[in-house]
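Presented below is the structure to which this report refers.
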Amino acid sequence: METLPFGHPSIVSRIFRDKRVLRESYLPPTLPGRESQIEDFEALLSPLHYNEPVPHILFIGKTGTGKTAVVKQILARKEAEFKDSFIRFEYINCSRANTAYRVFYKLNRIFGILVPPSGLPFDVLYDRFFEALSRSKIRLVVILDEIDIPSKRGDRLLYSLSRINSELDEETTSLTIVGIANTVNFLDRLDERARSSFNPAVIYFPPYNADELQAILLQRARLGLRDGTWEEGAINYIAAKIARESGDARRAIDVLRMAAEIAEKENSIKLTVEHAKKAMDAVSEQELGLAIRSLPLHHRFVLLAIAKLLASGDERPGTGKIYRSYLTITRMHMAEPLTMRRVSGIINELASQGLIETKMSYGGAYGNTKVVTSIIVAPERALKLLGSVAMR
DNA sequence: TATCCACCGGAAGATGGGGTAT
DNA sequence: ATACCCCATCTTCCGGTGGATA
């Protein structure tokens, strides 16, 4: 009986050496393909060694391009380096703390100040934090992951955070924002005031190409799978496929893990290209299934309308058509329909979640509309998945 | 070249539900 | 009890928009 590192005796796996290596939470020893970003980041942080303030920094890149991994790796290093100094790092994920209020709630907690989780005027939280920070005489580096989520009121967050510096004593105290954004045009969408006071140094994270994905997957396979249980061809296949469609490393690793699970379930000795092919679809399906469960009711209705239209042979249904189909669905479920403006917004939300793909269609005298070009899994499968969740 | 279609998407405001302070 | 705060979700309103058509 083999024992995994964390001590639980476990079922011996033929293929996996350590499954955790193929999960999202795992931070590998090196980050292939991100050498230049790491170098740039460290260079920007270097003033800390001379106890000088650091400019604001912004990471820009789509999901699965290594932004969070780079930050976490450098952070671990720097935190050890500056263990006994007046420099402090704080990581905040804005998908949890998704308003300016909640971010400042967390910032206050750094100094042991407990404010109510809601109800107070924002200025009160700001003032308390400012007082505590300027009294503390530390250099604070705040990492704001997924900073584009509070986009509407996010202007206020960035504006109030970045203007703090001008009121602090620069000799001893400063606040640096390290923002991590998924949307490429994040800066353009900020309002004037926020942009000019934030004004960060930008580090770009382009999607991974096939070679980089291959390096990433090889690293994971060597660490997480047993020797001789996988074909390099399978890895090349996944790398090439993902590079073409998104360059998303998280997804590539998901596919590798799924391929290994499938190979294992089939009692195969080796993970082959065939397993990788099956895993591509299986991951999409798993993703959709997971997403659907957390989708609000009317998002499900809209997705159902889209799946129905696509399944009935209508390629590229537009917003108007989708809305009409949505109306009959809400009637069937005796639900009050939302307006077309809102449904149009929901279609965009589904697209940015990666569940569907859309494209503008310019029809001249027939008008312009946004059309859905594809759904993440075959429409018939989508219908099945949607049918299996309660519509209420 | 002007027209016109079928939406697009920003702005602002309504609504309702979470809360605090006094 | 009253007055205030924050916030997510929708609605209402409305000025664009690109290219096929006349």
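Here the structure is a predicted model, which means the values were calculated and not measured. Order of the sequence lines fixes the chain letters, A, B, ..., with proteins taken first and strands second; residue numbering starts at 1 for each chain.
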Of all residues at least two apart in sequence or in a different chain, which pass the side chain to side chain contact (heavy atoms under 4.5 Å, CB included) check with M360(A)?
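With sequence neighbours excluded, M360(A) shows a side chain to side chain contact (heavy atoms under 4.5 Å, CB included) to Y362(A), N368(A), K370(A), given in chain and number order.
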Would you mind reading off the distance between [X] atom [atom1] and [N] atom [atom2], rounded to a whole angstrom?
X       : N       : atom1 : atom2 : result
N368(A) : dG9(B)  : CG    : P     : 10 Å
Y362(A) : dC4(B)  : OH    : C1'   : 17 Å
M360(A) : dC8(B)  : CE    : P     : 6 Å
K370(A) : dG18(C) : NZ    : P     : 14 Å
Y323(A) : dC10(C) : OH    : P     : 13 Å
D155(A) : dC6(C)  : CG    : P     : 16 Å
Y101(A) : dC6(C)  : OH    : P     : 8 Å
R156(A) : dA8(C)  : CZ    : P     : 10 Å

Where the side chain of T99(A) is defined as all heavy atoms beyond and including C-beta, which of dC7(C), dA21(B), dA20(C) is the nearest nucleotide?
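Closest of the options to the side chain of T99(A): dC7(C).
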Quick one: does any side-chain atom of T173(A) pair with a main-chain N or O of E170(A) as donor and acceptor, under 3.5 Å?
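A pair under 3.5 Å: no.
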So for atom CD, which belongs to Q353(A), do other residues, nucleotides or ligands contribute more than 12 heavy atoms lying within a distance under 6.0 Å?
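Check passes, neighbour count above 12.
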Starting at the 5' end of DNA chain C, which residue's closest nucleotide do you reach first, G363(A) or L120(A)?
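Result of the comparison: L120(A).
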For [X] and [N], is the shortest distance between a side-chain N/O and OP1 or OP2 below 4.0 Å?
X       : N       : value
S118(A) : dG18(B) : no
T369(A) : dC8(B)  : yes
R102(A) : dG18(B) : no
T319(A) : dC8(B)  : yes

Taking the six-membered ring of F130(A) (Phe, Tyr or Trp), confirm whether the NZ or CZ of R135(A) is under 6.0 Å from its centre and within 45° of its axis.
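No.
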Pi-cation contact, F82(A) with K78(A) (under 6.0 Å, within 45°)
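Ring-cation test returns no.
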Tell me whether K72(A) is salt-bridged to E79(A), with the criterion being a basic N under 4.0 Å from an acidic carboxylate O.
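Answer for the salt bridge query: no.
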Do the side chains of E24(A) and R257(A) get close enough for a salt bridge, i.e. N-O under 4.0 angstrom?
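No, no charged N to carboxylate O under 4.0 Å.
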Contacting residues from residues 331-343 of chain A, given that a heavy atom lies under 4.0 angstrom of DNA chain B:
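The answer is M340(A), R341(A).
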On DNA chain B, check which nucleotide each of G367(A) and V371(A) is closest to and give me the residue with the more 5' one.
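The residue mapped nearer the 5' terminus is G367(A).
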